[in-house]
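Heads up, the thing below is written out as structure tokens.
Throughout, a chain's letter reflects where its sequence line sits, starting with A, and its residues are numbered from 1. Excluded from the calculations below are hydrogen atoms, water molecules and symmetry mates; all remaining heavy atoms, backbone and side chain alike, are included.
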Amino acid sequence: MALSREQMARRAALELKDGDYVNLGIGIPTLVANYVPDGIRVMLQSENGLLGMGPFPTEDQVDADMINAGKQTVTAATGAAIFDSAESFAMIRGGHVDVTILGAFEVSVRGDIASWMVPGKLVKGMGGAMDLVAAARNILVIMTHADKSGASKLLDDCTLPLTGAGCIRKVLTDLAYLEIEDGAFHLRERAPGVSVEEIVSRTAGRLVVPAEVPEMRFS
Amino acid sequence: MALSREQMARRAALELKDGDYVNLGIGIPTLVANYVPDGIRVMLQSENGLLGMGPFPTEDQVDADMINAGKQTVTAATGAAIFDSAESFAMIRGGHVDVTILGAFEVSVRGDIASWMVPGKLVKGMGGAMDLVAAARNILVIMTHADKSGASKLLDDCTLPLTGAGCIRKVLTDLAYLEIEDGAFHLRERAPGVSVEEIVSRTAGRLVVPAEVPEMRFS
Amino acid sequence: MNGFDKVVGSYEEALSGLVDGMTVLAGGFGLCGIPEGLIAEIRRMGVRGLTVVSNNCGVDGFGLGVLLEDRQISKVVASYVGENKLFEQQLLSGQIEVDLTPQGTLAEKMRAGGAGIPAFFTATGYGTPVGEGKEVRHFNGRPYILEEAITGDFAIVKAWKADRYGNAIYRHTAQNFNPLAATAGRITVMEVEHIVEPGELDPAHIHTPGIYVDRLIQGSFEKRIEQRTVRAG
Amino acid sequence: MNGFDKVVGSYEEALSGLVDGMTVLAGGFGLCGIPEGLIAEIRRMGVRGLTVVSNNCGVDGFGLGVLLEDRQISKVVASYVGENKLFEQQLLSGQIEVDLTPQGTLAEKMRAGGAGIPAFFTATGYGTPVGEGKEVRHFNGRPYILEEAITGDFAIVKAWKADRYGNAIYRHTAQNFNPLAATAGRITVMEVEHIVEPGELDPAHIHTPGIYVDRLIQGSFEKRIEQRTVRAG
């Protein structure tokens, strides 16, 4: 059975190591913060200029001057630092953020990612996504394996305008965990109850299936 | 009679306007701070990272962590700001410093300046001089008109390696105040008691002498 | 009073010299840390044909969004403009032009503009529509594109506290683009919550040195919140 | 204790992994704000063939100058090296190479190295020996040269206070090149006067966010003064 949003977040959280500085995109990636394993501490970077994002404020802590990159009111964690947007992206662009987790519309076998623009629909902007994908050493894309019409989002070539070229190595979908190497998706794990056949049928891009594909674990 | 160091500093100080941010090089330029006219306030920028340099400390104020670009112990003036060296030169390079006053070995009719390197002698380095001359909108060079052997330091072409190309518009020497325009030095003022003839004889580069050359004033 | 006192007496004075067709850099991220009073004054002045450089363009009826109502903006350089229906309409009808710029590139372009760096290379945007038409060069085997600096005729920024000399401190994440815009305006106008005397701020705490600030005005701020998210206390 | 605690127990641990031939970026301006204990440890380790990137190279017998005594440095990238006779001798005898770099360009190169900007244009050095062999390009009618970023295998920096996470504050003008070097080391080692607990420093006062710091050690400092200038009290 396809993973729920919470299961995807839980599996993604296993990618985190103690001491990682992490940038989480909006949507499912944001949920990852709720599933960080015991004994692991991560520090969240918010690209508007906050390293060490804390939980949402209580009603009496709400402060218009303290927001995250999603423009939500937040708090600062103990040991946080606050800085301007050039410094924030210097940190990102310079490769200092250990892990970036973000969503996408499409990913290709070459590691291209499309996540910001659907021609014909209004273009709202890329925000910090292009900077993040161009910079992070370790990026995890979380997205559904196929779109609502059933079309695969794992492609030989992205059909939508790119957010970044050749920068993605790991993809977590509601069906599988895959790594991108040598121009192909490599199936590493399958969601519990999801067959390899189903994953194959829903993957349009070149897919390498090893002899054994373990079922995904969540802890 | 040729100007003393103090007279040169006094004349140079007349270039300052109330509210100017000023960078002073070592040597005579440093003395300019002592002759800022009444009613004029300037703020001194020290390129190691201090905007608002105060006077030298008293014995009990001496602090190894508070120095200027000449590595002298200094104090911070009221309303100072302290920052890193990239920010300091962003300020300089971006043209935010109003006036830079510095010494030179040679200046040419094209506004080239040589001030950091004499071939055959040990090269100690340019420090911040190249950044300063490339950036300031308003640079005053202070130097003797001729070197110790009597050779003019105002030339058609600099003979020494340059600090900057085409960036100098004003030169104050111990004999005269000159402006550089259209490939020539224009004699604007002569030191008290110094004849136009003497200035002409000691200026190797193309010199334009107007009909009247007023004597320099110091207030 | 002296030549370093940047305090002006009115919003009119604060934005004196701003005319049709100019480029205005604005600090703020979303509605956080925006110069509310200066934006209101630009609206009151009625100047038109502005190019506005800002990470966002406000929301309908607040922030830079109010300048859309009177069609004062002809071009926006921003990374995200999705919060604004009026913007959407004007974009679709061709009344406004938009230059979408990655957030980090936008920040770095403003910083470069203020720092006398005319252009720099960045990997951001390579292979995407942002990179189209831009020079590509490889360094250490990796492709980068050349991006040019941004400067403005005016910069309008919002700080928390500033002394009369313009030395300024921002509060929390209201810092964002403000220090960058402040460096890159030919005339930089800063609106603050508190004006203090020189010497009251620790020199090591200054975020924007006064050298970047030309005019300073004390404002009052609504500080509207876009996404009020709370947890049970 | 957790994964963000950067404090190490010894200088040996602080510089573990530093080997012959590496590039070391060092903070400090003259003798102000230099990581005295880390320099001493490099001497003790006896690593050789180092490329040192630092605005200056210390003085005879103090600061980076001590690394010259045992001929541990093969190349220096600096803006000014005039305070050091040993340096002069080694330079004239060809034992050491020097790449003189304008002070602002040096600062910007380190910042670029830390910020993922591989190269930038600057007017500094155009038409001078510094510009020789470098690409020239005109922007708005003015010539600029292309300068490339600097990064190091190690960065050694000195701060005043840091919390265990490496969030650091510098004291007065001892800031100088330290925050820049801190961003550009593959491994950044910070020596401080005071280590405090996370939360003790105001997030808005942090000069170097802890993300740049890999190892943190508390030192004791002589803080030698190069030019003691005083006025009558």
Give the interface residues of residues 86-105 of chain A toward chain C, defined by a heavy-atom separation under 4.5 Å. A:Ala86, A:Phe89, A:Arg93

Candidate pair A:Asp63 and C:Arg171, rule salt bridge (Lys or Arg N to Asp or Glu O under 4.0 Å), full reasoning: CA-CA 10 Å; A:Asp63 188 327; C:Arg171 188 164 171 278; 2.5 Å; yes

I'd like to verify something: which residue of C:Gly30, C:Gly127, C:Gly104 has the highest number of heavy-atom pairs under 4.5 Å with chain A? C:Gly104

I'd like to know which of A:Thr75, A:Val62, A:Leu132, A:Val74 tops the heavy-atom pair count under 4.5 Å against chain C. A:Val62

Supply the atom-to-atom distance C:Leu31 CG to A:Ile67 CD1, rounded to the nearest 0.5 angstrom. 8.0 Å

May I ask you to check whether over 12 heavy atoms, not counting those of C:Ile187, lie within 6.0 Å of atom CD1? yes

Nearest heavy-atom pair of A:Ala64 and C:Cys32: which atoms, and what distance? O-SG, 3.5 Å

With a 4.5 angstrom heavy-atom cut-off, which part of C:Asn56 approaches chain A: side chain, backbone, both or neither? side chain

Which atoms of C:Leu106 come close to chain A, meaning under 4.5 Å heavy atom to heavy atom: side chain ones, backbone ones, both, or neither? neither

Kindly indicate, with the supporting measurements, whether the criterion side chain to side chain contact (heavy atoms under 4.5 Å, CB included) is fulfilled by A:Ser85 and C:Asn55. CA-CA 10 Å; A:Ser85 299; C:Asn55 190 61; over 6 Å; no

C:Thr173 side-chain N/O to A:Asp65 backbone N/O, donor-acceptor pair under 3.5 Å: yes

Dump the intermediate steps for side chain to side chain contact (heavy atoms under 4.5 Å, CB included) on C:Arg228 and A:Glu59, then the final yes or no. CA-CA 9 Å; C:Arg228 188 184 186 88; A:Glu59 194 62 56; 2.7 Å; yes

More than 12 heavy atoms of other residues, nucleotides or ligands under 6.0 Å from NZ of C:Lys161: is that the case? no

Donor-acceptor check, side chain of C:Thr229 to backbone of A:Thr73, threshold 3.5 angstrom: yes or no? yes

Rounded to the nearest 0.5 angstrom, the CG-NE2 distance for A:Asp84 and C:His207 is 8.5 Å

A quick test of your reading: do over 12 heavy atoms of other residues, nucleotides or ligands sit less than 6.0 Å from CG of A:Asp60? yes

Would you indicate whether C:Arg137, at its atom CZ, is surrounded by more than 12 heavy atoms from other residues, nucleotides or ligands within a distance under 6.0 Å? yes

In terms of heavy-atom pairs under 4.5 Å with chain A, which of C:Ala232, C:Gly82, C:Gly33 leads? C:Gly82

Under 4.5 Å, counting heavy-atom pairs only, tell me which of C:Tyr170, C:Phe177, C:Tyr80 racks up the most with chain A. C:Tyr80

Would you say C:Arg224 has more than 12 foreign heavy atoms packed within less than 6.0 Å of its CZ? yes

For A:Pro161 and C:Pro129, the nearest pair of non-hydrogen atoms, with its separation, is CB-CG, 3.6 Å

Is a side-chain N or O of C:Arg231 found less than 3.5 angstrom from the main chain of A:Pro57, in a donor-acceptor match? no

Return a table of donor-acceptor pairs under 3.5 angstrom between the side chains of residues 112-128 of chain A and protein atoms on other chains or two or more places apart.
{"unit_1": "A:Asp112", "atom_1": "OD1", "unit_2": "A:Gly166", "atom_2": "N", "d": "2.7"}
{"unit_1": "A:Ser115", "atom_1": "OG", "unit_2": "A:Thr163", "atom_2": "OG1", "d": "2.7"}
{"unit_1": "A:Trp116", "atom_1": "NE1", "unit_2": "A:Leu162", "atom_2": "O", "d": "2.9"}

Could you walk me through whether A:Asp131 and C:Thr124 satisfy the side-chain hydrogen bond (donor to acceptor under 3.5 Å, both in side chains) test, starting with their C-alpha distance in whole Å, then the side-chain angles of each, then the deciding distance to 0.1 Å, before giving a yes or no? CA-CA 5 Å; A:Asp131 307 279; C:Thr124 303; 3.3 Å; yes

Interatomic distance, CD@A:Gln72 vs CD@C:Gln227, rounded to 0.5 Å, equals 6.0 Å

I need the C:Tyr126 OH to A:Met130 CE distance, nearest 0.5 Å. 13.5 Å

Contact summary for C:Phe29 and A:Asn68, nearest pair of heavy atoms: CE2-O, 3.6 Å

